[in-house]
Visitor: 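My structure is below; once you've seen it, I'll send some questions.
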Amino acid sequence: MLDVQKIRKDFPILKREVNGKLLVYLDNAATSQTPKQVMDAIVDYYSNYNANIHRGVHTLSQEATDKYEAARHKIQNHFNAAESHEIIFTSGTTHSINLVANGFSTLLEKGDELLVSAMEHHSNIVPWQMLAERTGAILKVIPMNLEGELLMDKYDDLLSDKTRLVFCNHISNALGTINPIEEIIQKAHGVGAAVLIDGAQAAPHIKVDVQKLDIDFYTVSAHKMCGPTGVGMLYGKEEWLNKLPPYQGGGEMIAEVTFEKTTYAELPHKFEAGTPNICGGIAFGAALDYMNSIGFEAIAAYEHELLEYATQKLLDIDGLKIYGTAKNKTSVISFNIEGIHPYDIGTILDKLGIAVRTGHHCAQPIMDFYGIPGTVRASFCFYNTKKEVDALVAGVKRAVNMLL
Amino acid sequence: MEIKEIQQEIVEEFSMFDDWMQRYEYMIELGKSLPLIDEKYKTDDNIIKGCQSKVWVHAELENDKLVFTADSDAIITKGIIAILIRAFSDQKPQNIIEADTEFIDEIGLKEHLSPNRANGLVSMIKQLKLYAVAYQTQLN
Ligand SMILES: Cc1ncc(COP(=O)(O)O)c(C=O)c1O
């Protein structure tokens, strides 16, 4: 069992007030808060060994390089990648997906098929649409049911020897659905297709083993798992990363440059052009250390408890409807109240110091599917409490009283 | 009345409220009473981009004054529009162009002026002013 009161002490921001009320932060799916252990790593970097990496012979550069590469190893171990060079540092999930989508432009032909799930974040749709436009490949959608679960028999029908790539999130940011990625991957591999799993929402809640799941590409944003913004990773199987051309050109990613010809560096540097977010990478490692010190099993169990508690309490409110009722879901609750616009509820909740997200959550196709303009989304992290859930429920009731 | 005077009047009205609750309740009331836009103007062309809620605005010149009608699918947004329309509608385009918007801050709705795209107030004001510029050009 995790000691939530002790954990809350690690997050200075949880003590602040908003509009005269103690902050209740329930927008964790957008970005999570930062524990002081991670802040310490950032301060330590800038106080003691800020330097450019992989190039200097001086001590600071060596130390920064060592710490940055140590972070890569931590990430490798955490996700159980076979090789550390299969971990590419990126600026986050969006960058990771664009890197892969760009790479595939040289590997696709007109008429090749790409399968996308119906519940993707825009960042796992738009890069592939751009790819389809460039290559003449065809984008097809794996549909879902009203609960927000993918229709796996429809997926079977869509798969064919034309399928080259399947992309799907591990967990939906708008609905909380945990997708059956093991089955998705096995079936895609059965027709020789590669799979990219967008792990932006899963990595903060579940410990993922990329080898066991036989994942080809996996993407993560550090800022959703107690790390800083502007850093994340792409995991890619070595054989796939070797097939993809570099994404950006510049320093770091070259072996030799002449004006006639440039040869590229080995993995992972081939994909890491320019000075990276060194401090961010190191802080990402510190964030993983922090989460592992609490333990992902304890986190999952606790968050599940919060989810069940909040779901039950919210459903007591008249006219409240939850979108995303998959059997297998994480601590995300998207809801609306009959006759009230989500924006209005979000505005009143903010006045009460409660931070939720409102709108389409960068997943307009999902909102179109349900025929709604958006939802109110409360997303819980392991530092949230039942008392905060109570505050949310009371806040929603108050908003309803004012608005109806 | 001139825009400045109307704004002053709104500021005085809001100064009677002690807390945010009363301010928002008032805005919600205003929203509910907003004279609705003619359905035929609720087209996609008239939607203001950059708001989380949908906002439709229609502008029409009556004699030398610009009259705005509007609607939104969110009630607080409607309240804000009602305040804006009260301040800016039925005024000469040139005066709308020159009007400032500090009164929003004074009535305690500053958060709606944040450049955060979720809040449409900034786009709304811009749109009213754009209409004024367009009609002013037409008048010249
Ligand atoms: C499922 C999912 N994919 C992708 C992203 C994009 O992540 P980032 O903005 O960190 O690149 C998000 C973040 O909102 C997300 O929830």
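Below, chain A is the first sequence line, B the second, and so on; all start at residue 1.
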Visitor: Grab the two heavy atoms, one from E120(A) and one from N169(A), that are nearest each other, plus how far apart they are.
Guide: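 It is OE2-N, 2.8 Å.
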Visitor: Please list, in residue-number order, every residue in residues 317-325 of chain A that has a heavy atom less than 4.5 Å from any heavy atom of chain B; write 'none' if there are none.
Guide: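 Interface residues of residues 317-325 of chain A: none, nothing closer than 4.5 Å to chain B.
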Visitor: Give me the ring orientation class for H122(A) and H360(A): parallel if the planes are under 30° apart, tilted from 30 to 60°, perpendicular past 60°.
Guide: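 It falls in the tilted class, 30° to 60°.
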Visitor: What residues of residues 15-23 of chain B sit under 4.5 Å from chain A when you count only heavy atoms?
Guide: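 Residues in range: W20(B), M21(B).
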Visitor: Please check if the side chain of D73(B) supplies one atom and the backbone of K54(B) the other of a donor-acceptor pair under 3.5 Å.
Guide: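 Yes, the answer is positive, given that a donor and an acceptor are paired below the 3.5 Å cut-off.
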Visitor: For A101(A) and L131(A), work out which heavy atoms get closest and say how close.
Guide: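 Scanning both residues completely, I find the closest heavy atoms to be O-CD1, 3.2 Å.
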Visitor: For H361(A) and A363(A), indicate whether the former's side chain and the latter's backbone hold a donor-acceptor pair under 3.5 Å.
Guide: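 Checking the backbone N and O of A363(A) against the side chain of H361(A), no donor-acceptor pair under 3.5 Å is found.
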Visitor: Taking Q94(B) as the fixed residue, which of Q91(B), E98(B), K92(B) is the one that meets the side chain to side chain donor-acceptor pair (under 3.5 Å) rule?
Guide: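 Running side chain to side chain donor-acceptor pair (under 3.5 Å) over Q91(B), E98(B), K92(B) with Q94(B) returns exactly one hit, E98(B).
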Visitor: Looking at E388(A) and T385(A), would you say the former's side chain and the latter's main chain have a donor-acceptor pair under 3.5 Å?
Guide: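 At least one qualifying donor-acceptor pair exists.
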Visitor: State the NE2-OG1 distance between H205(A) and T330(A), to the nearest 0.5 angstrom.
Guide: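 So the gap between those two atoms works out to 5.0 Å.
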Visitor: So what's closer than 4.5 Å to chain A heavy atoms on I28(B): side chain, backbone, both or neither?
Guide: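 Contact with chain A is through the side chain of I28(B) alone.
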Visitor: Regarding T219(A) and S96(A), do their side chains bring together a donor and an acceptor under 3.5 Å, going by distance alone?
Guide: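 No.
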Visitor: Sequence neighbours excluded and cut-off under 3.5 Å, please list the side-chain donor-acceptor pairs for residues 23-35 of chain A, or say none.
Guide:
from, atom 1, to, atom 2, distance (Å)
Y25(A), OH, D27(A), O, 3.1
Y25(A), OH, T31(A), O, 2.7
D27(A), OD1, R377(A), NH2, 3.4
N28(A), OD1, Y383(A), OH, 2.5
N28(A), ND2, Y25(A), O, 3.3
N28(A), ND2, S379(A), O, 2.8
N28(A), ND2, N384(A), OD1, 3.0
T31(A), OG1, H223(A), O, 2.9
T31(A), OG1, H223(A), ND1, 2.8
S32(A), OG, H223(A), O, 3.0
S32(A), OG, K224(A), O, 3.4
S32(A), OG, M225(A), N, 3.3
S32(A), OG, C226(A), N, 2.7

Visitor: Counting only N and O atoms by type, is there a donor-acceptor contact under 3.5 Å from the side chain of D71(B) to the main-chain atoms of W56(B)?
Guide: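 Such a contact is absent between D71(B) side chain and W56(B) backbone.
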Visitor: Quick one: of I348(A), N19(A), I340(A), who has the most non-hydrogen atom pairs under 4.5 Å with chain B?
Guide: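 Option with the top pair count is I348(A).
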Visitor: Less than 4.0 Å between a side-chain N and a carboxylate O, is that true for E62(B) and K65(B)?
Guide: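 Looking at E62(B) together with K65(B), the answer is no, because their closest N to O distance does not fall below 4.0 Å.
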Visitor: Nearest 0.5 Å please: distance from the OG1 atom of T93(A) over to the CD atom of Q201(A).
Guide: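 Rounded to the nearest 0.5 Å, the OG1-CD separation comes to 8.5 Å.
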Visitor: Can you pull out the residues in residues 392-404 of chain A with any heavy atom less than 4.5 Å from chain B?
Guide: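 The residues closer than 4.5 Å to chain B, in numerical order, are R398(A), M402(A), L403(A), L404(A).
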Visitor: Would the distance check show the side chain of S331(A) and the main-chain N or O of F380(A) forming a donor-acceptor pair, the cut-off being under 3.5 Å?
Guide: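 The answer is yes, because a donor-acceptor pair under 3.5 Å joins these two groups.
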